[in-house]
Amino acid sequence: MSASLSRPRVGVWLIGARGSVATTVVTGCAAVTAGLHPPTGMVTETSAFTDSALPALSDLVFGGHDTVDCPLPKRAETLTAGGVLPPRVATAVAAELAAADREIRPGGPIRGDTRSEAELITAFADDIRDFAHRHELERTVVVNVASTEPASQGCPDSPLPASTLYALAALRAGCPYVNFTPSEGMHHPVAAREVGRSGLPHAGRDGKTGQTLLRAVLGPMFAQRALTVRAWSGTNLLGGGDGAALADPAAAAAKNAGKERVLADTLGSVPEGEVHIDDVPALGDWKTAWDHIAFDGFLGTRMILQTIWQGCDSALAAPLVLDLARLTSRAHEAGLTGPLGELGFYFKDPVGDGPASLAAQYAALTGLGERLRPADGVDALRGATARGGVSTARGEAVAPGAGDCEVAGEGVVRGAGDREVAGEGAAQGAGHRESVERAATPAVDPGEPLPGERP
């Protein structure tokens, strides 16, 4: 039996593949696999997920899209110099970094790019399919770790955000999708409609790594102890790519919306106060988050709680990205579809239904781990995968993976105005696999108006 059949491999396709988070993800995965460092921060490496049949770290294959051309080994050198990566680790895993860098393709749209939205989506999807084909991957999970985009203005005639182009490409390639950023991605009405029809699992949005992680813990504490929060203000000082991106007020607004939503969900209302984000280039990839909480105690006694969080966003985010890639891949394999609300533990603005407090979110997450366990220790899904009412066994047809399904059958994805994205006529498998039987999902009616489209 070939290695590809005995040890199914899973692709992790990173949007923003040469950024700090992506570089730390690839470096960290290689370092943990080699035994150079423990998997600190990876919830999927705890006992709660021992029997959940998650893909091994050693079986993850990395690729992605980016609009910059700095190679991953060079980017890792910069992160090492800044104290983000430990000394000598990047050198020890240089081969793995170089291998991942060879799988990074040009993203877009960039200045002067004349390709239409349909052409960009097709090109991105083809890149993902090619990646899956060459590495004979069981499936591929697309994870957006790119810089935050400005909040959408909601104008029907506005171009699709880049994050949504990538999300539609993931659907076109038949891949589960995770949005680790506040960018619109699958939340855009066009993409939201298509992901519903695709039956693919997806998760997001905006990774909960620092300040909001504390808010998700402290908010329920005040509510449960019946303490009245009068004001909650915060400040973030950060540099690097995130600092530069969030210097744009529209991008900062998209980021802060998730922070405020956590308070609204855990406290039941939004107290006075705002979050300010300041770009401090000298801080590099490090950030300081300060919160000032004014609350009332018994008999109206006024009190104050202040917190200071100092850390490195890339090092905080990387283990979460690895967790999400493994969990989403396994959920796809197990036949789960639609929004994965149980992954709300990882996000400021989670999709699907789920609790807001961190403790309750953790309980939901571990519950998912139990659901993913194969019955009696034998995972029948590794031999046959069911999706959309269609079951296919390995050797006869293709288990749905990267490149195995299309967006909305033979129809078209049509965005605001008159944009169209040509659908695919046949589903394409990874490697030498055959096409799968069409999933039982309705095709898009070209004459049916989409959200925001004028009849």
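Source: prediction; values computed, not measured. Residue numbers run from 1 in the order of the sequence given.
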Q) Does any non-hydrogen side-chain atom of Val93 lie less than 4.5 Å from one of Leu36? A) yes
Q. Out of Val25, Val21, Val178, which residue meets the side chain to side chain contact (heavy atoms under 4.5 Å, CB included) rule with Val143?
A. Val178
Q | Exercise: do Trp290 and Gln306 side chains pair donor with acceptor under 3.5 Å | A | yes
Q | Student check: side-chain heavy atoms of Arg330 and Pro201 closer than 4.5 Å | A | no
**Q.** Taking every non-hydrogen atom, the tightest pair across Phe131 and Gly63
**A.** CZ-N, 3.8 Å
Q | For the student: nearest non-hydrogen atoms of Arg172 and Arg129, plus distance | A | O-NH2, 2.9 Å
Q: Would you indicate whether the side-chain heavy atoms of Thr27 and Leu79 approach each other to under 4.5 Å?
A: no
Q: Would you mind checking if Asp101 and Arg18 are paired as a salt bridge, meaning a charged N to carboxylate O distance below 4.0 Å?
A: yes
**Q.** Pro189 to Glu184 - nearest heavy-atom pair and separation
**A.** CD-OE2, 4.3 Å
Q.
Is any side-chain heavy atom of Val12 closer than 4.5 Å to one of Val141?
A. no
Q. Quick check: does any side chain N or O of Thr328 sit under 3.5 Å from a backbone N or O of Ala325, one acting as donor and the other as acceptor?
A. no
Q: With the side chain counted from C-beta on, respond yes when Leu327 and Leu372 share a heavy-atom pair under 4.5 Å apart, and no when they do not.
A: yes
Q: List the atom of Trp286, the atom of Gly82, and the distance in Å for their closest heavy-atom pair.
A: NE1-O, 3.1 Å
(Q) Measuring only between side-chain heavy atoms, which start at C-beta, is Met186 closer than 4.5 Å to Asn179? (A) no
Q.
If I take atom CD1 from residue Ile15 and atom OG1 from residue Thr181, how far apart are they, to the nearest 0.5 angstrom?
A. 10.5 Å
Q. Can we say Arg197 and Glu194 salt-bridge, meaning some charged N sits less than 4.0 Å from an Asp/Glu carboxylate O?
A. no
Q. Roughly how far, to the nearest 0.5 Å, is the OH atom of Tyr166 from the CG atom of Leu171?
A. 15.0 Å
Q) With no hydrogens and no angle check, do the side chains of Asn144 and Ser163 hold a donor and an acceptor under 3.5 Å apart? A) no
(Q) Over 60° means perpendicular and under 30° means parallel, so tell me whether Phe347 and Phe180 are parallel, tilted or perpendicular. (A) perpendicular
Q) Do we see a donor-acceptor contact under 3.5 Å between the side chains of Arg75 and Ser20? A) yes
Q: Only one of Asp291, Asp265, Thr266 passes side-chain hydrogen bond (donor to acceptor under 3.5 Å, both in side chains) with Arg215; say which it is.
A: Asp291
Q. More than 12 foreign heavy atoms under 6.0 Å from CD1 of Ile304: is that the case here?
A. yes
Q. Side chains of Leu322 and Thr44: closer than 4.5 Å at any heavy-atom pair?
A. no
Q | Spacing of CG belonging to Leu54 relative to CE belonging to Met42, to within rounding of 0.5 Å | A | 9.0 Å
**Q.** side chain to side chain contact (heavy atoms under 4.5 Å, CB included), paired with Ile104, selected from Asp66, Asp127, Asp69
**A.** Asp66
Q: Check Leu200 against Pro176 and note the closest heavy-atom contact, atom names and distance.
A: CD2-N, 4.3 Å
Q.
Minimum heavy-atom separation for Leu316 and Thr209, please, with both atom names.
A. CD1-O, 3.7 Å
Q) With a 4.5 Å limit on heavy-atom distance, are the side chains of Phe345 and Lys208 in contact? A) no
